[in-house]
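Please read the structure below before turning to the comments.
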4 protein chains.
Amino acid sequence: MSARKQARNPGGRPRDSRVDDAIASAVRELLTEVGYTRLTMAEVAARAGVGKAAIYRRHATKQEMIFEVLLPDQFLAVAPDCGSLRADLAAVLAEIADTMASPPQGTVPGLLADVHADPALRDRFNEKYLGVQRRTLTEILDRATARGELTTRPDPATLNALLVGPVFAWLFLLTESPDGLPALTSALLDATLALTGPV
Amino acid sequence: MSARKQARNPGGRPRDSRVDDAIASAVRELLTEVGYTRLTMAEVAARAGVGKAAIYRRHATKQEMIFEVLLPDQFLAVAPDCGSLRADLAAVLAEIADTMASPPQGTVPGLLADVHADPALRDRFNEKYLGVQRRTLTEILDRATARGELTTRPDPATLNALLVGPVFAWLFLLTESPDGLPALTSALLDATLALTGPV
Amino acid sequence: MSARKQARNPGGRPRDSRVDDAIASAVRELLTEVGYTRLTMAEVAARAGVGKAAIYRRHATKQEMIFEVLLPDQFLAVAPDCGSLRADLAAVLAEIADTMASPPQGTVPGLLADVHADPALRDRFNEKYLGVQRRTLTEILDRATARGELTTRPDPATLNALLVGPVFAWLFLLTESPDGLPALTSALLDATLALTGPV
Amino acid sequence: MSARKQARNPGGRPRDSRVDDAIASAVRELLTEVGYTRLTMAEVAARAGVGKAAIYRRHATKQEMIFEVLLPDQFLAVAPDCGSLRADLAAVLAEIADTMASPPQGTVPGLLADVHADPALRDRFNEKYLGVQRRTLTEILDRATARGELTTRPDPATLNALLVGPVFAWLFLLTESPDGLPALTSALLDATLALTGPV
DNA sequence: ATCTAAGCGAGACGGTACGTCTTGTCTTAGG
DNA sequence: CCTAAGACAAGACGTACCGTCTCGCTTAGAT
């Protein structure tokens, strides 16, 4: 995922993957210890035992670094296929909720703000996060349609907002505990499925 | 709204209310022109024709300044009473959506990030924004219960997340156009009301 | 001498002269302790108990800062008038030699290199150092001419090079001790005066 | 000149002399184009079509590299013997002046500054440049003494400063044109010889 | 005909300084 | 006590450069 400018020419010393790991670990530690805003590049470098240049060789800005470190490479890599629309949606929602709830306090809101401030980061966010979500939801709807589970086929963007929004709001607007997420997502699936109409 | 530290001593020169207005206007202009992150106090002061001290006398930090300038004083001042649960929720949701959609690009996510970073701002946010929302929703539920519209009385926090979350996600995660909000909120109300059970 | 951008408008907090002094002292200390090359702005700021911005408000670059701190404000302010050409030249030469020998090891060569690398610094150097020297020498020659001490009037630039060059070479090319300067300047004056011809 | 660490073991690939030449050419080009300070090792390597390691295999530091590239191998290899003290001094002075005036703008002052900052470079400078000068001057004085041209035998260091200093000052303090050097050196010899006394 | 030590170009590495920027506080002179 | 202007301490940012190290490969001389 990282590796922004891969060497075209195979000559030259190759990137040291231990440096990637050290950076990622330092970022995660510091996010936990000091939070998104107070994380500094100098401290990441020091903590990782790495020069700042090694970081900037991999990540264009502090924001992209954090995004790239936190977003799992395998995020929604395969669309779940559990046999029913509800089960598929539940699986997707669980993975999304997990990705939101895992990073340390304040990281997700901080990142979202920077996504809105930095066009380059926005592009990466759209590509690596939103696009994957939309493709996965579309695939799930395709399968449900094939199964005859849907009377009306909802708009994927609307469905996306209806599913992800409450989880985000629960965690980052209301700042409620992640422990309440299961109950929330259960109600959320009931409500959403009411829209698609029972067969 | 403003006036964080009211003069204890009535003696001395009174605050100039034109300064308050000039600051508010400058903040709104700059949010539109350069966005939340690139707005600086020095530029607000220059644009408003005001000293930085005059700003800090009114607002403790940059973040509180923006929050106080943007949040309408009358936000959800009176709970709507339109005769039905759906109409009441629609009215509340419309006002909330409007408050979210009005500020310039990136302002709401920026503010939300700072709410997570700054405990003092979080207190103000809880008091002036979240608390009002929850109180209003509770009152609406009370009325609906009295009318006999509810078979099960939902948890206010869950309801809050179900209603506000999708609007937030639509605007700030998916970055879809505010034009799509009416369709979204309509579906949203349908789905949410399906939970409360038809009478 | 310092004060690069003087406030046009008298409004605003005035510069704190203690900051000027603290910077100058820190620069002198650090030049002595670590030398020209290893002096860093961050350390100057720390040593002076001052923010870096306070330094850059006064001095455009590290090089100009050192130049402005080291060059005495009164350098050759008044041309000596001792009654004879030789005495006048001796006085000027002593002051120039003193200005060269005073700064800590390596400072003068370092500064001279930067003068050749930075046009802005070169302008300041020409104005504050060379110009003053040439004007002073010209004035001394004028007086000697009026006294009838000169058979041929030497070119001021040549005279300048003949006088200052050996001192510079003694200190910075040969790296001989400043203790040898009196003997050198004495021989130097004899040689130079031989050119102008005895009356 | 080059070859700082000669291979002890004759095994292994020998140095490629074309690499030496390519480095020297690149250094000279870049000194002319960007000057001493802005010359970087990476750019020298790129220009020479050479790896940085190949440079550092030959030269310990950037400063030594430049010094070694610029100082002629044959600098003052043989003391001139022109039949008179003045002619000998003129020949030495011309060669020294030429060595100073040849390198691109700013190179000599830059190098001199680094000589004062780096003890290792200073040693090389003393050995390859100053020592040669002093030995040559001493030899010339010996011959002049044998010829009976000297009434008083001047101190070699003083003579060195008196001769070389004005040339240095002319070029690097006053930044006058090298075209003026012949006139300067002529006056300089007159003045200096006046000290040694006519026979 | 290997073997092997050292050369080679490319470029990543740790470290460190630079000059810019912003925040929230403080200091003027004046209303 | 307010105001406008702007200096202040602190410290993060992203860039640049140095001198070292690592990669895969080439090039001789010694066996």
Side-chain angles (χ1 to χ4, degrees), chain A residues 7-16 18-19 37-43 45-46 48-58 60-62, chain B residues 7-16 19 37-43 45-46 48-57 59-63, chain C residues 7-16 18-19 37-43 45-46 48-58 60-62, chain D residues 7-16 19 37-43 45-46 48-57 59-63:
Chain A
R8 275 90 50 192
N9 192 332
R13 180 176 176 175
R15 297 266 172 90
D16 185 341
R18 289 169 310 180
V19 171
T37 309
R38 276 173 294 280
L39 174 147
T40 71
M41 297 304 265
E43 183 62 21
V50 142
K52 284 173 62 177
I55 302 179
Y56 282 105
R57 213 172 281 124
R58 292 166 166 76
T61 65
K62 170 181 161 180
Chain B
R8 272 102 38 199
N9 189 338
R13 178 175 175 177
R15 297 262 173 92
D16 184 343
V19 171
T37 309
R38 277 174 292 280
L39 174 147
T40 70
M41 297 305 263
E43 184 61 19
V50 142
K52 285 172 62 179
I55 301 178
Y56 280 105
R57 213 171 283 121
H59 310 284
T61 66
K62 168 182 162 180
Q63 290 76 32
Chain C
R8 275 91 48 193
N9 192 330
R13 179 176 177 174
R15 297 267 172 88
D16 185 341
R18 291 170 308 182
V19 170
T37 310
R38 276 173 294 279
L39 174 146
T40 71
M41 297 305 264
E43 184 60 19
V50 141
K52 285 171 62 178
I55 302 179
Y56 281 105
R57 213 173 281 124
R58 291 165 168 76
T61 64
K62 168 181 162 180
Chain D
R8 275 91 49 191
N9 190 334
R13 178 177 175 176
R15 298 264 173 91
D16 184 342
V19 170
T37 310
R38 276 173 292 280
L39 175 146
T40 70
M41 296 306 263
E43 184 61 19
V50 143
K52 285 172 63 178
I55 301 178
Y56 281 104
R57 214 171 281 123
H59 310 286
T61 66
K62 168 182 160 179
Q63 291 77 30

Take atom [atom1] of [X] and atom [atom2] of [N], then tell me their distance rounded to the nearest Å.
X        : N       : atom1 : atom2 : answer
Asp16(A) : dT22(F) : CG    : C1'   : 10 Å
Ile55(A) : dA12(F) : CD1   : P     : 14 Å
Lys62(D) : dT20(F) : NZ    : C1'   : 17 Å
Tyr56(D) : dC13(E) : OH    : C1'   : 14 Å
Arg15(C) : dA7(F)  : CZ    : P     : 5 Å
Arg57(D) : dC21(F) : CZ    : P     : 13 Å
Glu43(C) : dC18(E) : CD    : C1'   : 15 Å
Leu39(B) : dT22(E) : CG    : P     : 10 Å

Ignoring hydrogens, what is the shortest heavy-atom contact between [X] and [Y]? Give both atom names and the distance.
X        : Y        : result
Gly51(B) : Ala45(B) : C-CB, 4.2 Å
Ala54(D) : Val19(D) : CB-CG1, 4.1 Å
Arg15(A) : Arg58(A) : CD-NH2, 3.7 Å

- Partner set under side-chain hydrogen bond (donor to acceptor under 3.5 Å, both in side chains) for Thr61(B), not counting sequence neighbours: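 Residues passing side-chain hydrogen bond (donor to acceptor under 3.5 Å, both in side chains) with Thr61(B): Gln63(B).
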- Not counting sequence neighbours, which residues clear side-chain hydrogen bond (donor to acceptor under 3.5 Å, both in side chains) with Arg18(C)? List them please.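 For Arg18(C) the side-chain hydrogen bond (donor to acceptor under 3.5 Å, both in side chains) partners, ignoring immediate neighbours, are Asp16(C).
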- Of Gly49(A) and Arg38(C), the one whose closest DNA chain E nucleotide lies more 5':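 Residue closer to the 5' terminus by nearest nucleotide: Gly49(A).
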- Mapping Ala45(A) and Thr40(B) onto DNA chain E by nearest heavy atom, which one lands closer to the 5' end?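 Whichever sits nearer the 5' end wins; that is Ala45(A).
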- Can you find a side chain N or O atom of Lys52(B) that sits less than 4.0 Å from OP1 or OP2 on dA4(F)?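 Negative; the distance criterion is not met.
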- Check: Arg13(C) side chain, dA7(F) base, donor-acceptor under 3.5 Å: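 Flag set: donor-acceptor pair detected.
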- Output, in order, the C-alpha distance, side-chain angles, deciding distance and verdict of side-chain contact (heavy atoms from CB on, under 4.5 Å) for Glu43(A) and Arg38(A). CA-CA 10 Å; Glu43(A) 183 62 21; Arg38(A) 276 173 294 280; over 6 Å; no
- Find which nucleotide of DNA chain F each of Ala42(A) and Val50(C) is nearest to by heavy atoms, and output the residue with the more 5' nucleotide.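 On the 5' side of the pair lies Val50(C).
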- Message: Nearest to the side chain of Met41(B), heavy atoms from C-beta on, is which of dG14(F), dC17(F), dT23(E)?
- Response: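 Nearest to the side-chain atoms of Met41(B), counting from C-beta on, is dT23(E).
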- Task: Ignoring the backbone of Ala53(C), work out which of dC21(E), dG9(E), dT3(F) is nearest its side chain.
- Result: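 Comparing dC21(E), dG9(E), dT3(F) against the side chain of Ala53(C), the answer is dC21(E).
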- Message: Using only atom types and a distance under 3.5 Å, with no angle test, would you say the side chain of Lys62(A) pairs donor to acceptor with the backbone of Leu39(A)?
- Response: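 Side chain of Lys62(A) to backbone of Leu39(A): a pair is present.
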- Have a look at the helix from dA1(E)-dT31(F) to dG31(E)-dC1(F) and give the angle its two end axes make, five pairs each, rounded to 10 degrees.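 Inter-axis angle at the ends, rounded: 20°.
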